Structure formats: C-alpha cells, structure tokens
Amino acid sequence: MHPTAPVLARSGWNVTTSGTSLTVDMHRTATVSAVVYQPRRTSGRSLLSEYSIRLSEDGRHWSKPVATGTLADDTSAKTLNFAPQGIRYLRLTATTTAGGRSGWATGAEEIGHQAVGSADTRADIQLLGDPGFAGAPASLPVAGWTVKATDEETGQANDRAANVLDGDPATLWHSQWSPKATRFPHALTIDMHRTTTVSALTYTPRPTGVNGRIGTYAIYTSLDGVSFGTPVASGHWADDSTVKTALFSPQVPARYVRLVALSEAGQRGTWSSAGEIRLSGAVDPSVSGSWGPVTGFPLVPVATAMLPGNKLLAWSAYAVDRYGGSNGYTQTAIMDLTTGRVTQRRVDNTGHDMFCPGIAMLADGRVLVTGGSNATRASIYDPRTDAWTSTADMNIGRGYQAMTLLSNGDAFVLGGSWSGGDGPKDGEVWSASTQTWRKLPGVPAQSAMTADPRGAYRADNHMWLHATSQGRVLQLGPSKQMNWITTAGNGSITPAGPRADSADAMNGNAVSYDIGKLLTLGGAPAYENTPATRRAYTVDLNGGGQPVVNRTGDMASPRAFSNSVVLPDGEVAVFGGQQMPVPFSDATSVMTPEIWSPATGRFTPLANMAVPRNYHSTANLLPDGRIFSGGGGLCGDCATNHLDGAVFTPPYLLNPDGSEKPRPVITSSVPDRVALGSKLSLTTGSPVSSFALVRSGAATHSVDNDQRRVPLAFQQSGDGSYELSVPKDPGVALPGTYLLFALNADGVPSIAKVITVS
C-alpha cells in the first residue's frame, strides 16, 4: 500500500474553535493535501457528518470550500482530500452531525486540545503534506533555458546539469561523487532568460539506478538571480522512479527557479541526481478545464450510475471501505448534483452484496446489477420509486463480468470468473418481458479471453461490449481478438479480426463516440504488475463487413484502471489510471487527465486531479456537460481508500479567465419519451449548430458499456426552431435514458434535457 502523502508534524501548531468550526494555524507555510479526522470512540459520541474545508494564507482571507461532503456514521478514521496547496491556515467546519446528534462543537474542542498535545485522545486530526505525484499539464517550453548546479559529476561521467533540459531522461545530472562526494545541500538553478508565471516544478528521477533520488527538497524563485526569498514549495518525495511534481502556491512571476536537494530519498548517501526537470506555467481553463471541490462520500464509490433528476447513484460492498465474503447487503449512496449533498443507505432486501458486479441501464431507465460478491444474485434499482428489488438469479455465478443492454431491450452478460469459481462463464441473456435468464451455450467466454497468466480468474474480466442491431454485440476487448456475438437461440460467437496491432489490454476501456465508431484506450497485457500502454485505437463498424481498426494518437501517459467519458461534442476525456496496474496502490498514478479529439486524433492534457483515481474508480458524464470522477481503493485499513469524488468542468465551458462561456438553452419542453424513427421539435434561445444524444452511463472497474453518443440529424424550421430526427435503428439509439444536448458553433453544450428513447 502506497500512502498518498506524509503526515505533517504538529509541533508549533495553534488550534482554535468557534461554534462548529475548527481553525488550524501551523505558524508556517506548508503544502497540505488532506485532513485525517479520527472521531472520538467513546459512547455518546458526536461525529462530524457533513463538512467543508477552507484554506488561507493569512488567516483573514479564506478560499471557497476546497472540499465538502458527507462522512460515514462510524468511528473509523476519515481522510478528507483536496487539491494540494501551500497554506498556513486551515478551517474545518461541521454543517451537520452524524445521526442528527449534537455536540460537534465539544468534539472540535477535544480535537483542538489533541492537536496541540493534550492527553485527550478521544478525537484527533492530522494534516497530510505534499503527495508528490500531482501532474503538470502546462509545461513551459525550454528553448533558450540554461541551468547551473552547485556541483556536478564531470570526472568519471558526463553528468552535467544541462542534461536535465535535454529531453532525454536517460542522460542525467548527478552531484559530484569523484574523487569525493560533496555533502548536502545540492542545488540546480534554472534560468529561463525571461520572466514568466510559474506554477509547478516536475522532477523526473533517473530511469536507471536508484542513487541520488531526491528526498527532502525546497524550491525557491527569483526575478534577478540574487534574491530568492522563502521557499514556494517544499516537502519529501518518495523513494521510487515515478515523476514527481511540486505545486507552487501562489503562482509566482520568476526568471530563476532553484531546486535544492536536502536529502537522498533512500538515505543511501550524500548525493543527488535528476533525469529531467520541467517547469509549468499558468493554466488556461479554456484549454485545460478546471476542477470543483473534492466531495466526500460515506463510502468508496466503486460503481456509479447516472440517474434522472440530476442524481448520481453509487455503491461499494457490504462495507463502506472494504469487501469480502457474501454478506447479502450493500452500502449505497446518492449524490444530489444540484445541492451537492450525499445520502447513505444500506440495501438489505435483495440479499445481494453488489461488489464487483455487471451493470446494464435498462430501456425504462432502471439499473440492473448482477453478481459480484453474491455471485448469482441480480437486483434492480428504480429511480422513479427509489426502490431496490430482486429479479431472477443468473444461471452462472459471476464477478467482474461484462454486461450490455441489447437492441431489443434484453440484457446480455459474459465472463466473470472473479466470483463463483473459475469458468466456464459463458453468455446468458436476461429477458425484460419474463425477467428470467436464458443460457447461450453458443457463446463461450473462452473465445473472448485474454492470455493473462492467471487464467480465467483474470482473463475473462471487464469485457468491452457494444450492442448493435438485431441483438448483436461486438466484443472489442480487452482481448486483442475481437468477436461478433449473436444472442438469438443458443447464440454464437465468431472472430471479428484483431484490434490492429494492439496487445491484450486488460483494465483499458472502449467508448462509443459516434454512430458505429468507438475509441479504445490503454490497458495492459495482464490484469496487474505489467506495464500499461499509452496506445489508443479507433474501431469503425460502418463499412458493412468486419470492423476497421486504426491506431490513433497515443496518450501522453500509459494508463490502466483509468475511466473514459464521451462528451456531447464527440471528444473523449480519460481520467486517472496507473502506468503499472497494481490493485489498491497509488504508485505510478497518472494525475493529468487527457482529452481526445476525433477531428485531430490527438490527446491534449487537462488540469490535474487532486486525488489518484485507479483501481475501483469511476467517471460519468453529467447533464450539465461536466464530468464526475471519483473512488479508488476499498482495501479496509489502508492508505489508498478514496471515499470522495470531484466534478470536472471541461474546456468547452470556460473562458481563459475561468469564467463560464454563454451556453445555448433549450427553451421548449421536450417529451419524457420519444419513439425510434420519430421527429422531435424544440426551440432554443440562441443559434445552435448540432444536437447529440448521450446515453446515461454506469461505470465500474474502468468499464462503462452503457454510454454512447448519437449525433442527430436536424432541420431548422425558423429562428430558434428545430426538428430533430431520432434514429430508427435500436442498434444505433439503444433503448434507454439519454441526455439531449444542443451545441453552438463553438462547441459549447446546453444543459441537457433528460429523455427516454424507446
């Protein structure tokens, strides 16, 4: 388990309380990334439930909340994450207490006493420092830069300071080690030969060998190369080979940036080294987008589904932070995206622990959840009644299986040897009319498996399925061999050709971004402990024969365990993942999302995430065109549980100053339900250039087989009046709940209308 950040020493702190707020003055500026809250364990406890966190540099001017949320009503320690920032003051405010119990103010006083060294250990807080792995999406060009070092090795190796700017991490700077090693500190000073705003420094350790990895560091800036003042960032980097980023707060104008190494990460000696050093500038929100505050959940959102009414359904397992066994109940939560409030509920009546399930969004808007820890069970959530009910058990027990709705409204499932024993986990179909399951002996899972060394247990997991016409399904991954599946009668599975030159890509994903067009992203040859790929491919089904696969632009970073979301304009955003997939670890986390353009075939970096999103994370498109990204972990008493999420605002909604662009507005009402092949008339308050339906998605374990984008043909019938054509083919507009967007000529989407296509 790799912790997200070091615990900051509390010596010298001052803590005050006022009402329901607790304010920490660290009496120094430090990078802070989270609050760890340990509730009091005594009876009659009053626990923090809904909360907000604000930051300040001077104790007078406070930020907007950087984190809000709802905590589980128990005595376990809670980590309240937010984007790392350099601050002196932090304020934690309780907006409600768990179970409606009173007394948080007293609890805050106890925490305050403990924070400054009281013997009262019934309640406690800690602050976490620099996690060291935040990405840097706005790298400044290095042309014309120079760099000097306090010392460098030139006698027995060409380890000069200039190597950190040459673009080749295999060449390196190393502090002098012959004939005698110099002592700490060692410093590198970059001269950009121009003054510009700098927001972060990214450090790439040497790719070969471990000696000289920088541990404790401090970073200074200067306008004249003489006066460097106080550090703009400091901390301790982990002893590993991953790229490290130190964020500056606030962003500063500078010509010179100095990185001072104060220790070697592994305490192996008195030397320092670096493969590459880069600096980042001010982020342009119209290019990189922006993140809202981190929202705490009372559970790890391992699975999520978008609901009508601007709500998001999430669930974990029998417990909020761990899994195991077949307990017959599930912890769930619903986030009201309008208010930001999160409510928790335990579902017992279906006898189903829904950890690691298959999910399909049904034609009537209900959510079908199958298998997992209770391997044969199947449950349905109805957002209209807010009720969970059971449906018939599957014939084959499964966990980590794949599901999709079919064009006729039935649901198809395949694979899933994680639960219920190793294979054969052949296909079966759930009937919407009879609510029973039918085996498909002609669809063996073996034909769609990867070559994972652990066999079926890992090889038949998390398949990428795309439903097409006449009940057919394309299985286009993660196996490198694609397959066509029919679901009539006994069913059949036939090869659809290889995914071009792709290897197996377990824990990657596929997204339908246009009619008959999909993008596949990332993954790794095996489920874990193998390097992920940065490759992406387009798969085109519109030729009438076998799918046509082409390699498109690569992502900047290899990713497995990432999540991908199609946007109303057809672009695809990818969040999180690891360069080396390891369940329950945050090592090699990719903190910079990327967005793919179908027009250019290229990926563009986006604003950094505050929290790693790896194994057991999710992402969903929201009705306002934003994206929810959350979860990760579920490993019990570990450092990588992420009981939270955040909403990302894509670049198409923002101006360079961060303000929102004017949106088109669908001014007329639209029917709740439209038929396939029908016409839909509506009006808008300003000119629009396109319309798109995006199907409501449900995500878990990097896969969302429900989402698809369907651009609509239309005719303009007058100023602001349009007639839209709904596709006739249910294999194109798969039955179900959709978000209907109008987009203007600049690609800015409206807030969607929710509509059911049937």
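It should be emphasised that the depicted structure is a prediction, and the values quoted were computed from it without experimental measurement. Throughout, residue positions are numbered sequentially from 1 according to the sequence presented.
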Quiz item: Checking salt bridge (charged side-chain N to carboxylate O under 4.0 Å, His left out) for the pair Asp239/Arg268: CA distance, chi angles, key distance, verdict?
Solution: CA-CA 11 Å; Asp239 183 21; Arg268 286 174 284 265; 2.8 Å; yes
Quiz item: Less than 4.5 Å apart, any side-chain heavy atom of Arg91 and any of Leu55?
Solution: no
Practice problem: Using atom types as modelled and distance alone, determine if a side-chain donor or acceptor of Asn163 lies under 3.5 Å from a backbone N or O of Trp173. | Solution: no
Quiz item: Using 30° and 60° as the class limits, which term best fits the ring planes of His701 and Tyr400: parallel, tilted or perpendicular?
Solution: tilted
Quiz item: Is any side-chain heavy atom of Thr552 closer than 4.5 Å to a side-chain heavy atom of Leu519?
Solution: yes
Quiz prompt | Euclidean distance, Arg322 CZ relative to Cys635 SG, rounded to 0.5 Å | solution = 9.0 Å
Practice problem: Examine the side chains of Thr182 and Asp151 and answer whether a donor and an acceptor come within less than 3.5 Å of each other. | Solution: yes
Quiz item: Any luck finding a side-chain donor-acceptor pair between His27 and Arg88 under 3.5 Å?
Solution: yes
Quiz item: If we ignore angles and hydrogens, is there a donor and acceptor under 3.5 Å between the side chains of Asp58 and Ser56?
Solution: yes
Quiz item: Is it the case that more than 12 heavy atoms not belonging to Arg602 sit under 6.0 Å from its CZ atom?
Solution: no
Quiz item: So how far is it from Arg213 CZ to Gln267 CD, rounded to the nearest 0.5 Å?
Solution: 13.5 Å
Practice problem: Examine Arg258 relative to Phe228 and say whether NZ or CZ is less than 6.0 Å from the centre of the six-membered ring and inside a 45° cone about the ring axis. | Solution: yes
